[in-house]
Chemist: 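I am attaching a structure below and will ask some questions about it afterwards.
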Amino acid sequence: MRVSKQELTDLIQTKLTKAGLHEEHAEVVADVLVFADAKGIHSHGAMRVEYYAERIAKHGINNQPQFNFEETGPSSGILHGDNGAGHVAANLAMDEAIQMAKKTGVAVVGVKNMSHSGAISYFTERAAAQDLVGFSVCQSDPMVVPFGGAEAYYGTNPIAFAAPGKNGKCISFDMATTVQAWGKILHARSKNESIPETWAVDKNGEATTDPFKVQALLPIAGPKGYGLGMMVDVLAGVLLGLPFGNKVSSMYHDLTEGRNLGQLHLVINPEQFTAINQFKDNITTVMNDLNNIKPAPGFDQVYYPGQNLEVIQADYEANGIEIVDDIYNYLTSDAIHYNAYDSKDPFAE
Ligand code: NAI
């Protein structure tokens, strides 16, 4: 079914507030989730609300966190997240990074001890909207085998990058470092469909096409995606003195405990290198150049990174955001959560 952006935002905000989240924080979380749904990134939109609501109600997301920004140098700092909602902590850290990069030319701001922060292009696109280049990485729960390994070590550790062009447009690239998100395995299970053998491995570390046998996901492009996942974990975990590798907390383990996750934003002011108008003109040229590349057989057009989501966004803006009926029914119900996530084994059938 389709719902308006405003209705979806209101429903999410109300549900999270009822679960116990501070009203101002619920407003930010709703904005980040609706940002994702409005671009068709449904894996990081309203479908997460029930999980967040359960974790908030069980105090595994701190309802009254003491956020604290510590400047650690002229161009660096740490936002102490106190295990509050990750979306809010990462957003505050981006506020600080934007201000700092405008002042000193560059900013590296870590977020320490936060909960899940959603689709992280939300934060990099905020930098681009201020004529800055945004880069962000964050940790997630271990469910990815290192190249050649039969056991999970890293998370799906996403990387996002955004650079401003003209007329409020930007190139926005945002990806997990795995071939497919965990949600795609669950989707295949629900439809009893097989999966391509490039997605995941079974308990022996062998590629599997049976979604019910999946015990870990595969990194993108073998050792290269493995290396990128490692880089994310070093920047967002080891660098900040947080748990790293397979010691990163699981999304579903003990919903009464904070997750202590890390994220790192890097913001660059293009003015340090080139005139901003020249930079934005050139980014727009890159976008146009890519659009004008001859399409390969089977393709209508080459999109610049993120443009595929702009196409979805334009449709949703005109016709409402597509939401799964069950999610809408949950959002409009009186239930806060159904105890569906506590101690859930993500790999259990
Ligand atoms: P994806 O595979 O759907 O897209 C990856 C990138 O490729 C996007 O920038 C997209 O715009 C671009 N792209 C896709 N098709 C394209 C096309 N035809 N032409 C041009 N560009 C194209 O994304 P993925 O890996 O499934 O990640 C989804 C979301 O999950 C992201 O927002 C990410 O931040 C989020 N995530 C968050 C985590 C967390 O713990 N907070 C963990 C893992 C992912």
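In listed order, ligands and their atoms are each counted from 1.
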Chemist: For the 3.5 Å polar cut-off, considering only N or O atoms, please tell me whether Pro158 and ligand 1 meet it.
Modeler: no
Chemist: Heavy-atom contact check, 4.0 Å cutoff: does Ser172 meet ligand 1?
Modeler: yes
Chemist: Using 0.5 Å steps for rounding, measure from the CD atom of Gln13 to the CG atom of Leu331.
Modeler: 12.5 Å
Chemist: Are side-chain N/O atoms of Gln99 and Asp95 paired as donor and acceptor at under 3.5 Å?
Modeler: no
Chemist: Can you tell me if His116 contacts ligand 1 (heavy atom of the residue under 4.0 Å from the ligand)?
Modeler: yes
Chemist: Taking 4.0 angstrom as the limit and counting only heavy atoms of Ile120, give me the atoms of ligand 1 inside it, by number and element.
Modeler: 34 (O)
Chemist: Please list the nearest protein heavy atom to atom 42 (C) of ligand 1 with its residue and the distance rounded to 0.1 Å.
Modeler: Thr156 OG1, 3.3 Å
Chemist: Taking the six-membered ring of Tyr226 as reference, does the cationic atom of Lys224 (NZ for Lys, CZ for Arg) lie under 6.0 Å from its centre and within 45° of its axis?
Modeler: no
Chemist: Using the rule ring pair (Phe, Tyr, Trp, His ring centres under 6.0 Å), only one of Phe123, Tyr122, Phe135 pairs with His265; which is it?
Modeler: Phe123
Chemist: Between Met175 and ligand 1, which residue portion shows a heavy-atom distance shorter than 4.0 Å: side chain, backbone, both, or neither?
Modeler: both
Chemist: Which residue and non-hydrogen atom of the protein lie closest to atom 30 (O) of ligand 1, and at what distance in Å?
Modeler: His44 CE1, 3.1 Å
Chemist: Answer with yes or no whether the side chains of Ser140 and Thr156 bring together a donor and an acceptor at under 3.5 Å.
Modeler: yes
Chemist: Any chance the side chains of Ser136 and Thr124 put a donor and an acceptor closer than 3.5 Å?
Modeler: no
Chemist: Using a strict cut-off of 4.0 Å, indicate which atoms of ligand 1 neighbour a heavy atom of Ser140.
Modeler: 40 (O)
Chemist: What atoms of ligand 1 come closer than 4.0 angstrom to any heavy atom of Tyr304?
Modeler: 20 (C)
Chemist: Report the nearest protein non-hydrogen atom to atom 18 (N) of ligand 1: residue, atom name, distance rounded to 0.1 Å.
Modeler: Tyr303 CD1, 4.0 Å
Chemist: Between the side chains of Asp174 and Ser121, is a donor N or O closer than 3.5 angstrom to an acceptor N or O?
Modeler: yes
Chemist: Among all the protein's heavy atoms, is there at least one whose distance to atom 2 (O) of ligand 1 comes out below 4.0 Å?
Modeler: no
Chemist: Look at atom 25 (O) of ligand 1 and say whether a protein heavy atom is found at less than 4.0 angstrom from it.
Modeler: yes
Chemist: Does a side chain donor of either Arg55 or Tyr51 reach within less than 3.5 Å of an acceptor in the other side chain?
Modeler: yes
Chemist: Does Tyr341 have its ring centroid less than 6.0 Å away from the ring centroid of His253?
Modeler: no
Chemist: Can you sort out which atoms of ligand 1 are near Gly306, meaning under 4.0 Å from one of its heavy atoms?
Modeler: 11 (O), 21 (N)
Chemist: Is Pro305 close to ligand 1, meaning an N/O of one under 3.5 Å from an N/O of the other?
Modeler: no
Chemist: For ligand 1, indicate whether the residue Ala119 contacts it via side chain, backbone, both or neither (heavy-atom separation under 4.0 Å).
Modeler: both
Chemist: What pairs meet the ring-ring contact (aromatic ring centres under 6.0 Å, His included) rule with one or both residues in residues 307-329, with sequence neighbours excluded?
Modeler: His42-Tyr316
Chemist: Can you list every salt bridge (charged side-chain N to carboxylate O under 4.0 Å, His left out) pair that touches residues 152-169, not counting sequence neighbours?
Modeler: Lys166-Asp281, Lys169-Glu310
Chemist: Is the closest heavy-atom distance from Ala160 to ligand 1 below 4.0 Å?
Modeler: no
Chemist: Nearest protein heavy atom to atom 7 (O) of ligand 1, by residue and atom, and its distance?
Modeler: Phe173 CE1, 3.8 Å
Chemist: Could you check atom 10 (C) of ligand 1 against the protein and tell me its nearest heavy-atom contact, residue, atom and distance included?
Modeler: Asn308 OD1, 3.5 Å
Chemist: Considering non-hydrogen atoms of the protein only, which is the closest contact for atom 28 (C) of ligand 1, and what is the distance?
Modeler: Ile41 CG2, 4.0 Å
Chemist: Is it the case that the side chains of Asn113 and Asn83 hold a donor-acceptor pair, with the cut-off being a distance below 3.5 Å and no angle test?
Modeler: no
Chemist: Can you report which non-hydrogen protein atom sits closest to atom 41 (N) of ligand 1, along with the distance?
Modeler: Gly118 O, 2.9 Å
Chemist: Tell me the protein heavy atom at minimum distance from atom 5 (C) of ligand 1, and give that distance in Å.
Modeler: Asp174 O, 3.2 Å
Chemist: Verify whether one side chain among Glu70 and His80 offers a donor that lies under 3.5 Å from an acceptor in the other.
Modeler: yes
